[in-house]
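Inspection log for the structure reproduced underneath, given as structure tokens.
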Amino acid sequence: MSEDMAGFRDRVSVIVSQIPHGRVMTYGQIAALCGNARAARVVGGIAHFGDPNLPWQRVVNRKGGMARGYYGGRKTQQRELESEGIVFDAEGHIADLQNVLWHPELS
DNA sequence: GGGCTGACTGACG
DNA sequence: ACGTCAGCCAGCC
């Protein structure tokens, strides 16, 4: 019992809470940090049921946007991220995703 | 204890 | 380039 005390769900919550202002992370990246890069979908499910106080708006998919299901709509998230200084492209995805991607292992 | 779901990702046509 | 299909795994019924 080491990490058993905290399930995958708890790890994701912690990582999301660690995302700084003006930065974003992809589901696959978060899942990988939790130990399962292929559990990206699980991260999404956790987001829906996890702590609403966490900045889930900074969590985006590989395209730098939302596939579907974000609270209020993906348009809402774009507005939130733009408010943090993140620039979006006319296509609705982050203009320079790699530039705003948060790298916790590089901290 | 078993089975379905899904805020994803990557591959294929 | 865009649309669709299959795989993956933790969480929930």
Side-chain angles (χ1 to χ4, degrees):
Chain A
M1 39 188 286
S2 320
E3 31 92 322
D4 305 61
M5 301 176 69
F8 196 93
R9 202 262 307 181
D10 293 285
R11 302 190 211 178
V12 174
S13 299
V14 173
I15 292 177
V16 174
S17 66
Q18 291 290 13
I19 303 177
H21 180 277
R23 288 283 193 265
V24 299
M25 284 187 73
T26 66
Y27 295 99
Q29 186 175 2
I30 294 172
L33 290 172
C34 288
N36 292 321
R38 303 182 178 178
R41 307 179 65 166
V42 180
V43 177
I46 292 166
H48 189 158
F49 205 72
D51 194 324
N53 194 4
L54 297 178
W56 294 110
Q57 58 214 67
R58 293 177 184 153
V59 184
V60 298
N61 60 23
R62 248 324 191 180
K63 296 181 284 293
M66 282 272 128
R68 61 190 175 197
Y70 186 75
Y71 66 86
R74 59 187 185 186
K75 180 68 177 187
T76 302
Q77 186 194 27
Q78 180 177 330
R79 188 177 61 222
E80 293 292 299
L81 293 176
E82 288 182 303
S83 183
E84 297 197 2
I86 296 177
V87 181
F88 276 76
D89 192 277
E91 300 174 32
H93 71 271
I94 297 176
D96 202 348
L97 182 59
Q98 58 182 316
N99 189 45
V100 296
L101 259 183
W102 166 239
H103 302 269
E105 24 189 337
L106 298 182
S107 69

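Since we're looking at a predicted model, the values are computed, not measured. Letters go in sequence order (proteins before strands), and every chain restarts at 1.
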query = Looking at B/dC8, C/dC9, B/dG10, which one has an atom nearest to any side-chain atom of A/Arg41?
reply = B/dC8
task = Whole angstrom is fine here: how far is it from CG in A/Leu54 over to C1' in B/dA7?
result = 14 Å
message = Please pick, from C/dG11, B/dA7, C/dC9, the nucleotide with the shortest atom-to-atom distance to any side-chain atom of A/Phe8.
response = C/dG11
key: Integer-rounded Å distance: C/dG7 P and A/Arg38 CZ   = 13 Å
message = Whole angstroms only, please: what is the CG-P distance between A/Asp51 and C/dG11?
response = 16 Å
key: Side chain A/Trp56, main chain A/Asp51, donor-acceptor under 3.5 Å   = yes
ask   = Starting at CZ of A/Phe49 and ending at C1' of C/dA10, how long is that distance when rounded to a whole Å?
value = 13 Å
remark   = Across every strand shown, the nucleotide meeting Watson-Crick or G-U wobble geometry with C/dC2 (both distances under 3.5 Å) is B/dG13
Nearest to side-chain heavy atoms of A/Trp56, which nucleotide of B/dA7, C/dC9, B/dC8 = B/dA7
remark   = Between NZ of A/Lys63 and C1' of B/dA7 the distance, given in whole Å, is 11 Å
inquiry  = Tell me whether A/Asn61 contacts the main-chain N or O of A/Gly64 through its side chain, where contact means a donor paired with an acceptor under 3.5 Å.
reply    = yes
message = Between A/Leu101 and A/Val24, is the side chain to side chain contact (heavy atoms under 4.5 Å, CB included) condition met? List the steps.
response = CA-CA 5 Å; A/Leu101 259 183; A/Val24 299; 4.3 Å; yes
query = With both distances under 3.5 Å as the test, what is the Watson-Crick or G-U wobble partner of C/dC9?
reply = B/dG6
Closest listed nucleotide, where the reference is the side chain of A/Asn61 and the choices are C/dC9, B/dT9, B/dA7 = B/dT9
ask   = Counting any heavy atom closer than 4.0 Å, what does A/Tyr27 reach on the DNA or RNA strands: base, sugar-phosphate only, or nothing?
value = base
query = Got a donor-acceptor contact below 3.5 angstrom from the A/Gln77 side chain to the A/Gln57 backbone?
reply = yes
request  = From the options C/dC8, C/dG11, B/dT9, select the nucleotide whose nearest atom is closest to the side chain of A/Ala40.
outcome  = B/dT9
ask   = Roughly how many Å is it from CD1 in A/Ile30 to P in C/dC8, rounded to a whole number?
value = 22 Å
ask   = What's the CZ-P distance between A/Arg11 and C/dC9, to the nearest Å?
value = 15 Å
key: Separation of atom NE2 in A/His93 from atom P in B/dA7, rounded to whole Å   = 22 Å
request  = Would you tell me if any nitrogen or oxygen in the side chain of A/Asn36 comes within less than 4.0 Å of OP1 or OP2 on C/dC8?
outcome  = no
